[in-house]
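This report refers to the structure that appears directly beneath it.
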Amino acid sequence: MEQGSIPMEQGSIPSSKVLSVKPLRTLRPLFVSSAQAPPLFTSSPSGPFPPGFTPFYPFCSNAQSPQPDQMDGVTGHAGSSRKRPPGKLRKVAKKSVGSRNAGVSFTVNHGNAFVRNFIVRCNPFSKEDGNREMVEYVLMTFDAVRRRLSQVEEAKEAPNGSIKRPDLKAGNVLMSAGVRTNMRKRTGVPPGVEVGDIFFFRFEMLLVGLHGQSMGGIDTLITRRGKVEESLAVSIVSSGYYDDDTEDKDVLIYSGQGGNPISKDKQASDQKLEKGNLALERSLHQANEVRVIRGMKDPSNTSVKIYVYDGLYTIKESWLEKGKSGCSVFKYKLVRLPGQPSAFADWISIQKWKAGLSSPVGLLSQDLSAGAEKITVSLVNDVDARGPPSYFTYSTVLRYSKSFNLTNSSFGCNCHKACQPGDLNCSCIRSNGGDFPYATNGVLVNQKPVVHECSPTCPCFPNCKNRVSQTGLKLKMEVYKTTDKGWALRSWDPIRAGSFICEFAGEVVDSPMGMQGTGQEDDYIFDTSRILDKSNKWNYEPTLLNEEIPDESAENDNIPSPLVISAKNVGNVARFMNHSCNPNVFWQLVQYEHNRESFLHVVFFAKKHIPPLTELTYDYGMSQFETRSKRKCLCGSEKCRGYFG
DNA sequence: GCTCAGTCAGTCTT
DNA sequence: CAAGACTGACTGAG
């Protein structure tokens, strides 16, 4: 498959082989009407808008969204090919029941957006039976609260003592606030959860109704057969705590529960045919569908465990055998039902690719970056016979033609180790409003106008946790060809929400205006002044944690000037990221110094947990002006605006 | 730098 | 209500 690295220098291959690739980006240069206009302005379609902007929102086109169903699966990867379960969306009923009951359940009289949002979404109906939107909402809310609790704990500012387990605390907060879904237990798929979805905490699976135990590996459902009540197994988690056999992608040999010594001074014991084990035995005879969740190590951080929903299995056999401790252990053989999208199987394939035991179909180049990145970037085309993308120079950094003067430069901290969360003597932390912007594992806590990172000029250690975006690519990326959207970007590694993905590298240009009319249309423009739809809030909700709503107006006054970047001739993997109206990635401005001058960077972070081989997309936003170049959006999401650009 | 085993506080369901 | 289910972040040895 490997055909050597793709040419990075012009002239090394015949020009006939440099294909004119279909534009990935359909951004068009735009005029900034007012120098005073805040560049980071975001707004709902109803405004308000700042002076100098004329917003254009083609939201009305939802009903005639040009997204054909047959687009599902065309790219042949997990992200776009997953099938929505045959849902009982019951939209009409949901609306009427929800609006009638919501006010009864929640008589909170807060006028804030979260409470309104919360009442609409977390109505009794959507708590019992979910959908994709509800599942994503619950997961985003959980992680935002968890990140905030983690941030507060690390700064040792926790108001009610220490929070050793922010995941459990966040789970507790959401449970008591009723932010959960699919509470009605069921066999089969909880609506809104998709095969291949990944989870970083047991609580996440509990909150979306995938697995209803905060610790237990076997979840059961009590059923009635005539007068007899009995429990069936509905989902299991294979976590590595017992000796399960997880070698086969379609078969799982699962151990029953119990018998493991809880502490060092306790003895192992024989497992008993009771509780979960009994339920599994009944499910063997009932042959009901059992959800299987496979826990495994995060390949890019082995101290982190990830749970992968691998779809429905049925139990084919059970037996009793002697475990390593010499005690009896129940074993259950589960076989995956055919016709489901691949999930765990992808993880096995990726392992083999990484180990060099096999290659993905259509591999054109081992490293698109030609050594520029610390980790290789694969180039794959398994949809047609064409070659690599058109020529560009791979650069990992943003190139400024002139310095970018920022009025609020602070020129670094004086910390001499790693900067410590909660240390208000650190000027970099003070620049971030006192909150350390990143929590454990380097996840961004909140979106904000600008994140201030420590710089190479700061005396703190290079491993200071406030340099997340400067450490280079950490994820194994793949640039791959789609059938309808040109080239696209995805990761072989799973990505946790809030994780750093990459910077938008390229050349800073004065204004996209220069390109107009020259016939040199630039489809690789990134412009911070484009309007984003922020209806899906990513940040944590202060009212859930009884916190005051912070006043960010002061911070907004210091928003830097618009930043326009072209990645047409120079760029990194970010130039291959496509637009989506329901994206899994967002961008964030990050500022740090170099040679005593401050520079802005556009940095991408994961909005949700992203399974391997899922296309990475972000919202390109809307030009403030009506332009001729608005393009049909091919994102395929339910809330697709129809057009973008 | 990396992996592994050990430690321990922690929360839901039955 | 107590028992039982096992996690996740961290620490220190190898």
Side-chain angles (χ1 to χ4, degrees), chain A residues 142-143 145-147 149-154 156 158 160-180 182-185 199-223 229-244 254-266 268-280 293-307 324 329-330 374-375 421 438-443 461-463 465 471 474 496 609:
Chain A
F142 169 84
D143 206 57
V145 169
R146 187 197 63 78
R147 292 190 309 267
L149 290 168
S150 177
Q151 179 187 51
V152 163
E153 168 63 17
E154 281 163 43
K156 308 217 178 336
N160 304 313
S162 73
I163 308 163
K164 293 224 167 75
R165 292 286 301 269
D167 58 319
L168 298 183
K169 183 68 186 167
N172 183 254
V173 167
L174 265 67
M175 294 283 280
S176 32
V179 183
R180 54 189 298 191
N182 290 319
M183 285 176 73
R184 186 172 65 77
K185 277 205 180 183
F199 304 87
F200 284 75
F201 299 93
R202 295 288 304 252
F203 244 109
E204 294 178 323
M205 297 188 284
L206 193 152
L207 290 168
V208 300
L210 179 62
H211 187 80
Q213 300 286 325
S214 63
M215 296 175 88
I218 306 167
D219 195 21
T220 59
L221 169 67
I222 294 172
T223 57
E229 267 192 2
E230 59 179 36
S231 61
L232 291 177
V234 291
S235 74
I236 58 166
V237 178
S238 170
S239 65
Y241 182 68
Y242 296 96
D243 276 325
D244 297 345
Y254 187 75
S255 306
Q257 65 188 185
N260 264 8
I262 291 163
S263 58
K264 221 170 113 181
D265 50 328
K266 293 261 173 71
S269 58
D270 288 339
Q271 290 189 345
K272 300 188 188 94
L273 191 58
E274 58 180 22
K275 297 177 183 171
N277 300 343
L278 189 55
L280 286 167
I293 297 125
R294 296 180 183 249
M296 36 216 170
K297 286 177 176 174
D298 181 344
S300 54
N301 182 357
T302 50
S303 67
V304 168
K305 195 188 277 178
I306 301 182
Y307 300 94
K324 280 178 184 165
V329 177
F330 286 97
K374 281 183 271 184
I375 182 165
Y438 302 107
T440 314
N441 292 312
V443 294
F461 289 174
N463 66 354
K465 287 174 180 170
T471 52
K474 285 230 169 66
R496 188 196 282 236
H609 302 326

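It should be emphasised that the depicted structure is a prediction, and the values quoted were computed from it without experimental measurement. Heavy-atom basis, side chains included; hydrogens, waters and symmetry copies ignored. A note on names: the letters A, B, ... follow the listed sequences, proteins ahead of strands, and every chain is numbered from 1.
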- Note on the structure: Testing B:dT11, B:dC12, C:dC6 for proximity to the side chain of A:Leu168, the answer is B:dT11
- Task: Would you mind reading off the distance between A:Tyr254 atom OH and C:dC6 atom C1', rounded to a whole angstrom?
- Result: 11 Å
- Message: Taking the minimum atom-to-atom distance to the side chain of A:Met175, which one of C:dT7, B:dG10, B:dC12 wins?
- Response: B:dC12
- May I ask you to test the A:Ile218-A:Val234 pair for a side-chain heavy-atom distance under 4.5 Å? no
- Query: Nearest to the side chain of A:Arg180 - B:dT13, B:dC12, C:dC6?
  - Reply: B:dT13
- If each of A:Thr440 and A:Lys275 is mapped to the nucleotide of DNA chain C with the nearest heavy atom, which maps nearer the 5' terminus, i.e. the 5' end? A:Lys275
- Hey, does A:Thr223 have a side-chain heavy atom less than 4.5 Å from the side chain of A:Glu229? no
- Taking for each residue the nucleotide of DNA chain B with the nearest heavy atom, is it A:Lys169 or A:Thr220 whose nucleotide lies nearer the 5' end? A:Lys169
- Can a side chain N or O of A:Lys297 be found less than 4.0 Å away from OP1 or OP2 on B:dC4? yes
- Item | Atom pair distance, as rounded to whole Å: OH in A:Tyr241 and P in C:dG8 | 14 Å
- Message: Quick check on DNA chain C: between A:Gly217 and A:Ser303, whose nearest nucleotide comes earlier from the 5' end?
- Response: A:Gly217
- Query: Base, sugar-phosphate, or nothing: which does A:Ser239 touch, judged by heavy atoms less than 4.0 Å apart?
  - Reply: sugar-phosphate
- Message: Need one value for A:Arg202: base, sugar-phosphate or nothing, where a base atom within 4.0 Å counts as base even if backbone is also close, heavy atoms only.
- Response: sugar-phosphate
- Message: Given B:dT11, B:dA9, C:dC6, identify the nucleotide with an atom nearest to the side chain of A:Lys164.
- Response: B:dA9
- Task: Measure distances between side-chain N and O atoms of A:Arg165 and base N and O atoms of C:dT7, and say whether any donor-acceptor pair falls under 3.5 Å.
- Result: yes
- Starting at CG of A:Asp167 and ending at P of B:dT11, how long is that distance when rounded to a whole Å? 9 Å
- Query: When the distance from CG of A:Asp298 to C1' of C:dA9 is rounded to whole Å, what number comes out?
  - Reply: 15 Å
- Closest to the A:Gln257 side chain: C:dC6, B:dC12, C:dC10? C:dC6
- Touch class at under 4.0 angstrom, heavy-atom based, for A:Gly276 against every strand present: nothing
- Classify the angle between the aromatic ring planes of A:Phe200 and A:His609 as parallel (below 30°), tilted (30 to 60°) or perpendicular (above 60°). tilted
- Please give, in whole Å, the distance from C:dC6 C1' to A:Phe199 CZ? 18 Å
- Quick one: which of B:dC12, B:dT11, C:dC10 gets closest to the side chain of A:Met215? B:dT11
- Heavy-atom side-chain proximity of A:Lys305 to A:Lys297 below 4.5 angstrom: no
- Query: Which heavy atom of A:Ser255 sits nearest a heavy atom of A:Asp244, and at what distance?
  - Reply: N-OD1, 2.9 Å
- In whole angstrom, what separates A:Asp219's CG from B:dT14's C1'? 12 Å
- Item | Among B:dC4, C:dT7, C:dA5, the nucleotide that comes nearest once only the side chain of A:Tyr242 is considered | C:dA5
- Query: With a non-hydrogen cut-off below 4.0 angstrom, is A:Lys305 in contact with a base, only sugar-phosphate, or nothing?
  - Reply: sugar-phosphate
- Please give, in whole Å, the distance from C:dG8 P to A:Glu153 CD? 17 Å
- Take A:Ile293 and A:Ile236, measure what side chain to side chain contact (heavy atoms under 4.5 Å, CB included) needs, and give me the verdict at the end. CA-CA 6 Å; A:Ile293 297 125; A:Ile236 58 166; over 6 Å; no
- Quick one: on DNA chain B, does A:Gly212 or A:Ile163 contact a more 5' nucleotide (nearest heavy atom)? A:Ile163
- In whole Å, what is the span from the CZ atom of A:Arg146 to the P atom of B:dT11? 15 Å
- Message: Whether A:Asn260 contacts C:dC6 is assessed here as follows: a side-chain N or O lying under 4.0 Å from the phosphate OP1 or OP2. Is that the case?
- Response: no
